[in-house]
Amino acid sequence: MTWSDGVTESTRRPQTRPTQLPYVPPHLRNNCNDGAFSSMPTSLNDYAVNNANSYGFTSTTESTQAPLGRGGRGYGHRGRGGRGRFHQTQEQEQEPYNIASKLEELEVNVDDESTNFGAYEDIPVEVSGSEIPPPASSFEEIELGESLNRNIKRCKYVKPTPIQRHAIPIALAGRDLMACAQTGSGKTAAFCFPIIHAILELNRFSKPGRVAFPLALILSPTRELACQIYEEAKKFAYQTRVRVAVAYGGAPIVHQLHNLEKGVDILVATPGRLVDMIERAKVSLSMIRCLALDEADRMLDMGFEPQIRKIVQQMDMPPCGSRQTLFFSATFPDEIQRLASDFLSNYIFLSVGRVGSSTDLIAQRVEFVPNMDKRNHLMNLLRGQNANGTHGKHALTLIFVETKRGADALEHWLSVNGFPAIAIHGDKVQMERERALKSFKSGYTPILVATDVASRGLDVPHVAHVINFDLPKDIDDYVHRIGRTGRAGKSGLATAFFSDQNMPLAKALVELLQEANQEVPLWLNDYAKRASNIVGGGRARRFGGSKFGGYDFRRDAPYEIENDPYSSTYGSFDGTTSSYDLSHANSYAATGVDSYSTGSYGHEFSHETIVASGWD
DNA sequence: AAAAAAC
């Protein structure tokens, strides 16, 4: 990145055509051969088909119907007849859902060093905007510099993930970016590497002093996520002169201030504490070269947007255009994209995987469970896990509930019933929150009951099972929640308890399951159809003509762009919706068109391992 | 109607 040249001047026309090499995620590159390669998806399929029975929770509308399709790709099989026996708790007791063996079958988080074999067959990549820098295929090719490369190796990152391959060159070129990539696919590194590289290039490090002048600011919606990003960034900046600091509420401010006084290049923060520090004149944003928002859609939603606007537009931060701005998330609803463009200048829109989609590393199940039966049903699930003795460090269970009170209540109820559970939510003091998370991570209490405080970004290895005890109202929240498992190439399981009051979510849930090649229960389909007749059912988010297109909201609203007071910030973006697959890669180079997308990366084999951590 | 985020 060439901040020293001036951020806005550093954009350049791509010199070479994008190297569209076949992509295989890092975890798939270990000792691959055709036989092993095909083993995982097969077990996934078998899993879905064979367990249609033991799962078997269906509404009366399904009764004796076989489940539709299967969990894998294609619809060649039909599950054997699932019996609708959702009132028959007796039978549940006799035939508890044997989750432990299923987790083994799925090779869920068996071992950090183990690799799972499978394929991302179709990872659509869409890039739009003007003068798009081409993606890179290796870290070496990106030339991040010796010290950073050393740290990348230390972290056992061998090959960039798709989001990294595309986002890092864009960020290095100094461009603003709105990036969407699936949970657990390596977003943290995708914005940390370019930031650290740019600071090293700038070769002007912060000095100790009463007021801190960070060069880069990374914002996070929760304290725990801020901590996690901070820890990651520190690893990446190890033995460089780049200093990283963190600022978040609920912890004594003096320690954080003390650290700031030593000099800060990269500040990771939650909004409230940051504003506090700025108002105390302990931090100045006047030197900020790069602003990165993790979970950017959350940061710009109703609850957070005023604070972000204050920090970005009403403090001493350099204005849009004279700083670089990077937005990252797994989800990016249309209306939030529109809002986000206020903070961006001539930005590039990048999506790896469909926006808001989940990864197919997560096997998703939806069961109809009336509110009254939820606890009993949960008990049966957990008993199934316990029975096989694998409910330890290698199979953590994360249970999401709707309310803070509900989290406490469920924690208590589980504890009383002999399940080692602990709760985390925003009414606990920070120390309790951190203790709960630590206790969960260590496996000391392998069950964590959480509100949405834990739904985004947190990277906890060994989370094998995410249970949506209460489903969220927003499908995007669901995507983030289940994204706590199936990270960095590991597979995972997500179970949702769907009750009558989740009707509004049915349509979006069905669409998501279909996209992720998951089995859609017939009864859920019925709910979705009924719900779609009611105004407001689902979310009008996925539209657009082309198969993968319609994600960059600028494409859907060319007129608004022309009439928009900010239209100049769009540079030469012309609202075209060109779409290119591999066979058209050449035309990209020849014409310098402003967007391209790929439908498939194909497959590739190599021999590499990767260690999970801080992937979001 | 809920959750998160400063003291």
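Per chain, numbering begins at 1; letters A, B, ... match sequence-line order.
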Practice task
Decide, yes or no, whether a salt bridge links A/Asp526 with A/Arg530 under the criterion of side-chain N to carboxylate O below 4.0 Å.
Solution key: no
Problem - Residue A/Phe304, side-chain heavy atoms: nucleotide from B/dA5, B/dA2, B/dA6 that is nearest - result: B/dA5
Practice task
Assign A/Val275 to base, sugar-phosphate, or nothing according to its heavy-atom contacts below 4.0 angstrom with the strands shown.
Solution key: nothing
Practice task
Look at the side-chain N and O atoms of A/Arg223 and state whether any lies under 4.0 Å from the OP1 or OP2 oxygen of B/dA3.
Solution key: no
Completion exercise
In whole angstroms, the gap separating C1' of B/dA4 from CD1 of A/Ile424 amounts to 12 Å
Exercise for the section: Send over the distance from A/Asp408 CG to B/dA3 P, rounded to a whole Å. Expected result: 11 Å
Practice task
Starting at atom CG of A/Asp427, determine the distance to atom C1' of B/dA6, rounded to an integer number of angstrom.
Solution key: 16 Å
Handout entry: salt bridge (Lys or Arg N to Asp or Glu O under 4.0 Å) partners of residues 247-266 of chain A, not counting sequence neighbours, each pair once
Key = none
Handout entry: Minimum-distance nucleotide to A/Glu279 side chain [options: B/dA6, B/dA3, B/dA4]
Key = B/dA6
Exercise for the section: Could you tell me whether A/Tyr248 and A/Tyr230 have their ring centroids closer than 6.0 angstrom? Expected result: no
Completion exercise
Per atom distances to the A/Asp276 side chain, the nearest of B/dA6, B/dA2, B/dA5 is B/dA6
Exercise for the section: State plainly whether the residues A/Arg309 and A/Glu305 are in salt-bridge range, i.e. N to O under 4.0 Å. Expected result: yes
Practice task
Provide, to the nearest angstrom, the distance between the CZ atom belonging to A/Arg456 and the P atom belonging to B/dA2.
Solution key: 20 Å
Exercise for the section: Could you check how far CG of A/Asp476 sits from C1' of B/dA3, rounded to whole Å? Expected result: 15 Å
Handout entry: Closest to side chain of A/Thr403, choosing from B/dA4, B/dA3, B/dA1
Key = B/dA3
Problem - Sugar-phosphate only, base, or nothing, as touched by A/Gly303 at under 4.0 Å among non-hydrogen atoms - result: base
Handout entry: Whole-Å distance separating the CD atom of A/Gln430 from the P atom of B/dA6
Key = 9 Å
Handout entry: Side-chain N,O (A/Lys404) to OP1/OP2 (B/dA4) below 4.0 Å
Key = yes
Fill in the blank from the handout: In whole angstroms, the gap separating P of B/dA2 from CZ of A/Phe400 amounts to 19 Å
Practice task
Using a cut-off of strictly less than 4.0 Å, decide whether A/Thr270 has a side-chain nitrogen or oxygen near OP1 or OP2 of B/dA6.
Solution key: yes
Problem - Summary of ring-ring contact (aromatic ring centres under 6.0 Å, His included) pairs that have at least one residue in residues 420-452 of chain A, sequence neighbours excluded - result: none
Exercise for the section: Find the distance A/Leu257:CG to B/dA6:P and express it as a whole number of Å. Expected result: 14 Å
Practice task
Ignoring backbone atoms, test whether A/Thr451 places a side-chain nitrogen or oxygen under 4.0 Å from the OP1 or OP2 oxygen of B/dA2.
Solution key: no
